[in-house]
Amino acid sequence: MNAWKLRVKGPAGAIEAVVEHPAGEPRGLALIAHPHPLHGGSLDNKVVSTLARAARRSGRIAVRPNFRGVGATEGEYDHGVGETEDMLAVADAVGAGFPGLAWSLFGFSFGAYVQHRVAAHLSAERLVMVGPAVGMYEFSPPSVRTEIVHGEVDELIPLGVVADHARLHSIPLHVVPGAGHFFHGRLLDLRARIAALLEAG
């Protein structure tokens with residue numbers, strides 16, 4: 001695996017990101033957003049790392065930025081608004097080097113909220129929301145092909161709430177049996193589920 005850290009100029013200052021190349025010729029780009037920055041979320045989150053690994057194995061370049069105020073990323077938490085702008089800045093910077101590759105968007109928890117906002121402004125082939133913080137934030141109807149992966153026994157965002165959201169907006173919902181919000185002990189199951197979605201096209 002070829003990985004390096006990237007600094008991108010964003011609206012609030014420098015944005016730190018990790019970029020990881022897959023083995024062989026890349027067939028796409030994956031932008032991955034971490035959970036809430038005020039509750040310990042970062043690009044090193046285990047779920048985020050699992051999403052990056054699945055993306056790489058599917059032949060995509062995985063890009064994991066830190067939100068404002070996390071790690072070496074400058075600025076302060078901005079309730080998803082500034083975070084959306086920063087993700088778009090990273091996508092512009094990385095995408096410029098790979099003009100022929102399409103973006104896939106992945107977001108975990110609060111990151112899913114940010115990515116659903118990003119999808120309204122970035123041309124992407126799909127959005128995968130993992131443990132989306134439905135009920136905590138206002139999610140607009142999907143603006144791009146969207147799927148949800150959720151833990152069966154999520155203790156923070158109940159499956160029933162997410163299922164209602166999925167039905168309302170006709171979003172496919174994939175449930176990981178026995179998994180809580182952070183997928184403790186179920187990360188391999190999560191990776192397999194994401195890999196299957198990506199392989200299905």
Please confirm whether the backbone N or O of G80 pairs with a side-chain atom of E83, one donor and one acceptor, at under 3.5 Å? yes
Could you check if a side-chain atom of L127 sits within less than 4.5 angstrom of a side-chain atom of R145, using non-hydrogen atoms only? no
Can you tell me how far the CZ atom of R193 sits from the CG atom of L198, to the nearest 0.5 Å? 12.5 Å
To the nearest 0.5 Å, tell me how far L31 CG sits from S104 OG. 10.0 Å
Apart from L43 itself, which Ile, Leu, Val, Met, Phe, Trp or Tyr residues share its cluster (side-chain heavy atoms under 4.5 Å, direct or through members)? V18
Can you tell if the side chain of R167 reaches within under 4.5 Å of the side chain of D164, non-hydrogen atoms only? yes
May I ask you to decide whether R68 forms a salt bridge with E85, counting only side-chain N to carboxylate O separations under 4.0 Å? yes
Under a 4.0 Å threshold between the charged nitrogen and the carboxylate oxygen, would R64 count as salt-bridged to E20? yes
Neighbour count >12 (heavy atoms, 6.0 Å) for atom CD, E155: yes
What verdict does the side chain to side chain contact (heavy atoms under 4.5 Å, CB included) test give for N66 and I15, after you've listed the backbone C-alpha separation in whole Å, the side-chain angles of each residue and the deciding distance to 0.1 Å? CA-CA 7 Å; N66 265 331; I15 306 167; over 6 Å; no
My understanding is that only residues two or more places apart in sequence, or in another chain, count here; which of them pass salt bridge (Lys or Arg N to Asp or Glu O under 4.0 Å) with R191? none
Quick one: are the ring centres of F110 and H79 less than 6.0 Å apart? no
So do the side chains of T50 and L188 get within less than 4.5 Å of each other, counting heavy atoms only? no
All ring-ring contact (aromatic ring centres under 6.0 Å, His included) counterparts of H181, not counting sequence neighbours: F108
Can you tell me how far apart CZ (F139) and CD1 (I171) are? Round to the nearest 0.5 Å. 9.0 Å
Could you give me the CA-CA distance, side-chain angles and deciding distance for K9 and E74, then say whether salt bridge (charged side-chain N to carboxylate O under 4.0 Å, His left out) is met? CA-CA 10 Å; K9 183 179 180 181; E74 297 176 341; over 6 Å; no
Can you confirm whether L105 sits close enough to V128 that some side-chain heavy atom of one is under 4.5 Å from a side-chain heavy atom of the other? no
With rounding to the nearest 0.5 Å, note down the distance linking CD in E147 to CG in L173. 10.0 Å
Measuring from atom CD1 of I157 to atom OG of S109, what distance do you get when rounded to the nearest 0.5 angstrom? 4.5 Å
Could you check whether any side-chain heavy atom of F98 comes within less than 4.5 Å of a side-chain heavy atom of L29, counting everything from C-beta outward? yes
Polar side-chain atom of T73 near backbone of G69 as donor-acceptor pair, under 3.5 Å: no
Would you say that R126 contacts T146 through its side chain, given a criterion of any heavy-atom pair below 4.5 Å between the two side chains? no
is_close_aromatic(Y77, F67), centroid dist under 6.0 Å: no
If Ile, Leu, Val, Met, Phe, Trp and Tyr residues are connected whenever their side-chain heavy atoms lie under 4.5 Å apart, and connections chain through other members, are V94 and W4 in the same group? yes
Test: E16 and K5 ion pair at under 4.0 Å: yes
Mind checking the CD1-NE2 spacing from I148 to H116? Nearest 0.5 Å is all I need. 11.0 Å
Quick one: closest heavy-atom pair of D44 and S49, and the distance? O-OG, 3.8 Å
